[in-house]
Structures are given as C-alpha cells and as structure tokens.
Amino acid sequence: MKFTAEQIAGILEGEVVGNPNAEVTRLSKIEEGEEGSLTFLANPKYINHIYTTKASVTIVNDSFVPESEITTTLIKVEDAYASFSKLLEFYNQVKLNKNGIEPQTFMTEGTKYGENLYLGSFSYIGQNVVLGDNVKIYPNSFIGDNVVIGDNVYIFAGAKIYSETIIGNNCTIHSGTIIGADGFGFAPSEEGSYSKVPQIGNVIIEDNVDIGANTTIDRATLGSTIIRKGVKLDNQIQIAHNVEIGENTVIAAQTGVAGSTKIGKNCMIGGQVGIAGHLTIGNNVRLQAQSGVARNIKDDEILQGTPSIGYTDFNKSYVHFKNFPKIIAEIEELKKQIINPKNGNNG
C-alpha cells in the first residue's frame with residue numbers, strides 16, 4: 001500500500017512541512033528509516049536521529065522545531081505517539097480488510113452470515129453457524145456446529161472454534177488458538193483407571209476480547225467457561241473448564257488457570273503464573289510473574305512467589321533468602337563461640 005504525506009496528514013489531522021507528495025509504503029523505526037518509509041519522533045532521547053534518518057516522512061509533535069537541516073518530510077500533530085498508534089490501527093484495518101469466499105472452502109447450507117465476510121481457503125464452517133458483519137476467517141480455520149460469532153471478528157489462520165461457542169463483537173483470535181475443547185475431566189475408578197466425564201457445556205467470549213496465538217480455552221463440564229468483555233489473553237495460555245475471567249483483566253503468556261476458578265475485573269496476571277482450581281480471585285489483583293496461587297485472593301492484593309505471598313513481604317523475604325548462605329555461616333560461627341569461648345570457659 002502506498003500513501004502520500006498529504007494523505008497521512010489528512011488521516012491524522014496534521015500539518016505537512018516539506019513535500020506533500022512524498023510517498024511511503026512501509027513503517028520503520030526512526031533510526032532505521034529508509035527512503036519510502038514512515039516513522040515518528042515522540043521520545044526526546046531519539047531527537048538526534050531526525051537529522052540523519054532516511055525515512056521519507058516523519059510524524060512529530062507540533063512543538064518540534066528543527067535546529068539544523070533535515071531531509072525528511074514532517075507531519076506535525078498534537079501527539080506524535082498517539083497519532084502513530086492511530087495510523088498503525090488504520091494500516092492494520094486496511095491490510096486485514098479482505099472480502100469474499102476463497103476457493104476450496106466448505107460452508108453448510110444453513111450458515112447465516114452478514115456483510116463483508118472473508119472466508120479463507122481450506123476453512124470449514126459447520127451446521128447452524130451464525131456469523132455477523134465484517135467477520136474475517138483466515139485459511140485453515142475450523143468453525144464447529146452451532147457457533148455464533150458477532151460483528152468485526154478476526155479469526156486468524158489455523159484457529160479451531162468448537163461447537164456451541166459464542167463469540168461477541170470486536171474480538172481477535174490468533175492462529176493456533178483452540179476454543180471449546182473438552183475440559184480435563186476424569187473420574188478415578190477403584191481399579192486405578194480413569195473414566196472420562198462428558199464435557200457438555202460451552203465457551204462464551206464477550207465483546208472486545210483479544211486472544212493470543214496457541215491459547216486454549218476449554219468448554220465447561222456444565223454451563224459455560226466465560227471470558228468477559230475487554231479481556232486480553234497473551235499467547236500460550238491455558239484456561240480450564242468453567243473458569244470465569246472478569247472484565248478488562250489481562251493475562252501474560254504461559255499462565256495456566258485450573259478449573260472452576262473465578263477471576264475478577266481489572267486484574268493483571270504476569271507470565272507463567274499457575275492458579276489452582278475452585279478459587280476466587282478478587283478485583284484489581286496483581287500477580288507477579290511465575291507466582292503460584294493456591295488460595296482465594298481478596299480485592300486489590302499484589303502477590304508474588306510460590307506459594308504466593310504479599311508482594312512487599314516477598315521482597316523483604318528475598319533480601320534474607322539471597323543472603324541465606326552468609327546468615328548460616330554467621331550462625332555456625334556463633335555456635336562455635338558459644339561452645340568454645342575464647343576465655344576457655346565451656347559452661
């Protein structure tokens with residue numbers, strides 16, 4: 001895609017200083033800018049690069065005044081960082097705005113879909129599926145029977161959406177994600193073997209949810225596994241059956257949440273956190289990376305460690321833990337002094 005400085009300024013409501021016909025076809029960092037690229041300057045630490053960058057167009061704050069000659073065309077805006085983010089969003093929408101049904105796809109006759117559907121090659125749409133407007137399903141995706149998907153949803157290549165799943169509006173599901181697989185439910189027998197417990201519930205994903213690549217969300221045994229609106233899940237996360245994640249909670253990669261745990265609103269959960277089953281995590285909770293959670297957590301707690309303890313207590317304890325060999329050596333030396341005092345008195 002090719003844009004001129006004048007077109008970009010129109011999108012951002014900015015002012016062009018330089019060549020309004022300067023063309024760009026790609027984005028770059030300011031220190032790596034080349035002819036035909038667009039970059040931005042927001043952090044004063046990078047100001048020296050604007051005098052050497054080869055980028056054709058640079059977005060800057062409207063307060064910026066060059067102190068020496070520059071070759072890049074400027075687009076002056078109120079907030080360069082926010083404007084560049086807006087441009088990235090616009091660019092992404094244009095890039096992903098595919099339409100039509102490609103060859104070698106399978107869609108049952110009962111499928112209902114809205115306007116501007118994109119269905120990539122080798123994708124499968126099961127029975128009684130309902131797709132909203134502007135749904136984009138990329139190649140090699142699977143949509144099972146009775147799935148309902150809202151408007152403006154992106155499902156990237158190789159994602160698998162099992163039957164009865166409900167997905168709201170404005171959601172993004174990245175490649176390799178599996179939604180609605182069976183929960184890990186098995187009943188032990190007297191002989192020591194395990195019998196599978198049928199998982200007949202579903203998964204509900206509300207509006208404005210982003211799900212990273214290779215994340216798995218299991219269907220409920222009964223009822224629903226629920227991801228509330230605004231939740232952001234990173235890559236490679238495991239959400240077990242009957243879990244509920246509250247609004248606007250964010251979870252980083254490689255975290256696992258065991259079955260039937262309820263997580264509150266506006267929580268921030270770091271990478272590689274393990275959360276045991278049947279727990280209740282309050283609102284506004286912060287769990288530091290690699291924490292292990294085995295108890296209920298009240299609102300606003302900040303925890304770290306395995307098993308997790310208060311964040312401040314963890315840091316205080318760690319000061320002593322890292323000095324533990326030295327502390328032991330001091331204790332041993334004190335024991336020697338008590339047993340064998342210098343004055344020769346043993347008792």
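What you are looking at is a predicted structure, and each value in this text was computed from that prediction instead of being measured.
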Spell out, as yes or no, whether a donor-acceptor pair under 3.5 Å connects the side chain of [X] to the backbone of [Y].
{"X": "Thr225", "Y": "His241", "answer": "no"}
{"X": "Ser141", "Y": "Ile137", "answer": "no"}
{"X": "Asp145", "Y": "Gln127", "answer": "yes"}
{"X": "Thr53", "Y": "Ile50", "answer": "no"}
{"X": "Ser123", "Y": "Thr105", "answer": "no"}
{"X": "Thr73", "Y": "Ala22", "answer": "no"}

In residues 255-282, what donor-acceptor pairs under 3.5 Å come from side-chain atoms, sequence neighbours left out?
residue, atom, partner, partner atom, Å
Thr255, OG1, Ala252, O, 3.2
Thr255, OG1, Gly270, O, 2.9
Thr255, OG1, Val273, N, 3.3
Thr261, OG1, Ala276, O, 2.7
Thr261, OG1, His278, N, 3.2
Thr261, OG1, Leu279, N, 3.1
Lys262, NZ, Asn242, O, 2.9
Gln272, OE1, Gln290, NE2, 2.6
Gln272, NE2, Gln254, OE1, 2.6

Please check if [X] and [Y] belong to a single hydrophobic cluster, counting links between Ile, Leu, Val, Met, Phe, Trp and Tyr side chain heavy atoms closer than 4.5 Å.
{"X": "Val24", "Y": "Ile30", "answer": "no"}
{"X": "Val129", "Y": "Leu117", "answer": "yes"}
{"X": "Ile70", "Y": "Leu41", "answer": "yes"}
{"X": "Val135", "Y": "Tyr162", "answer": "no"}

Taking side-chain contact (heavy atoms from CB on, under 4.5 Å) as the definition, give me every residue that meets it alongside [X], ordered by chain and number, with sequence neighbours left out.
{"X": "Asn116", "result": "Asn99, Asn134, Lys136"}
{"X": "Ser121", "result": "Glu102, Pro103"}
{"X": "Phe142", "result": "Tyr124, Lys160"}
{"X": "Asn169", "result": "Asp151, Asp207"}

Starting at [atom1] of [X], measure out to [atom2] of [Y] and round the result to the nearest 0.5 Å.
{"X": "Thr177", "Y": "Ile217", "atom1": "OG1", "atom2": "CD1", "value": "7.5 Å"}
{"X": "Asp300", "Y": "Asn284", "atom1": "CG", "atom2": "CG", "value": "5.0 Å"}
{"X": "Ile211", "Y": "Thr172", "atom1": "CD1", "atom2": "OG1", "value": "9.0 Å"}
{"X": "Asn214", "Y": "Asp234", "atom1": "CG", "atom2": "CG", "value": "11.0 Å"}
{"X": "Ile11", "Y": "Phe90", "atom1": "CD1", "atom2": "CZ", "value": "4.0 Å"}
{"X": "Gln7", "Y": "Asn21", "atom1": "CD", "atom2": "CG", "value": "9.5 Å"}

Can Val231 and Asn248 be said to form a side-chain contact (heavy atoms from CB on, under 4.5 Å), step by step?
-> CA-CA 4 Å; Val231 168; Asn248 300 318; over 6 Å; no
Please, which pairs that meet salt bridge (Lys or Arg N to Asp or Glu O under 4.0 Å) have at least one residue in [range], sequence neighbours excluded?
{"range": "residues 211-230", "result": "Glu164-Arg219, Glu206-Arg228, Arg228-Glu244"}
{"range": "residues 176-192", "result": "Asp182-Lys196"}
{"range": "residues 272-286", "result": "none"}

Does Arg295 come within less than 4.0 Å of Glu301, counting only side-chain N to carboxylate O?
-> yes
If we ignore angles and hydrogens, is there a donor and acceptor under 3.5 Å between the side chains of Asn202 and Thr165?
->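 Looking only at side-chain atoms, Thr165 and Asn202 do not form any donor-acceptor pair under 3.5 Å.
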Side-chain touch [X]/[Y], heavy atoms, less than 4.5 angstrom:
{"X": "Ile149", "Y": "Ile155", "answer": "yes"}
{"X": "Glu15", "Y": "Leu74", "answer": "no"}
{"X": "Val285", "Y": "Asp299", "answer": "no"}

Do other residues, nucleotides or ligands put more than 12 heavy atoms under 6.0 Å from Tyr51 OH?
-> yes
For Phe186, look at atom CZ and say whether over 12 heavy atoms of other residues, nucleotides or ligands are found less than 6.0 Å away.
-> yes
Dump the intermediate steps for side-chain contact (heavy atoms from CB on, under 4.5 Å) on Lys76 and Val17, then the final yes or no.
-> CA-CA 7 Å; Lys76 289 192 169 185; Val17 179; 4.2 Å; yes
Mind checking whether Tyr138 and Tyr118 have ring centres under 6.0 Å apart?
->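 Centroid distance Tyr138-Tyr118: below 6.0 Å, so yes.
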When Ile, Leu, Val, Met, Phe, Trp and Tyr are grouped by side-chain heavy atoms lying under 4.5 Å apart, directly or through other members, which residues fall in the same group as Ile200?
-> Leu222
Expected list for residues 57-65: side-chain donor-acceptor pairs under 3.5 angstrom, two or more places apart:
residue, atom, partner, partner atom, Å
Thr58, OG1, Thr72, OG1, 2.9
Asn61, OD1, Ala80, N, 2.7

Run the side-chain contact (heavy atoms from CB on, under 4.5 Å) check on Ile173 and Ile161 step by step: do they pass?
-> CA-CA 10 Å; Ile173 298 168; Ile161 314 297; 4.2 Å; yes
Which pairs count as side-chain hydrogen bond (donor to acceptor under 3.5 Å, both in side chains) when at least one residue sits in residues 22-34, sequence neighbours excluded?
->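 As it turns out, the side-chain hydrogen bond (donor to acceptor under 3.5 Å, both in side chains) pairs with a partner in residues 22-34, which skip direct neighbours, are Ser28-Ser37.
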Listed partners of Tyr91 passing ring pair (Phe, Tyr, Trp, His ring centres under 6.0 Å), at least two apart |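 So Tyr91 forms no ring pair (Phe, Tyr, Trp, His ring centres under 6.0 Å) with any residue.
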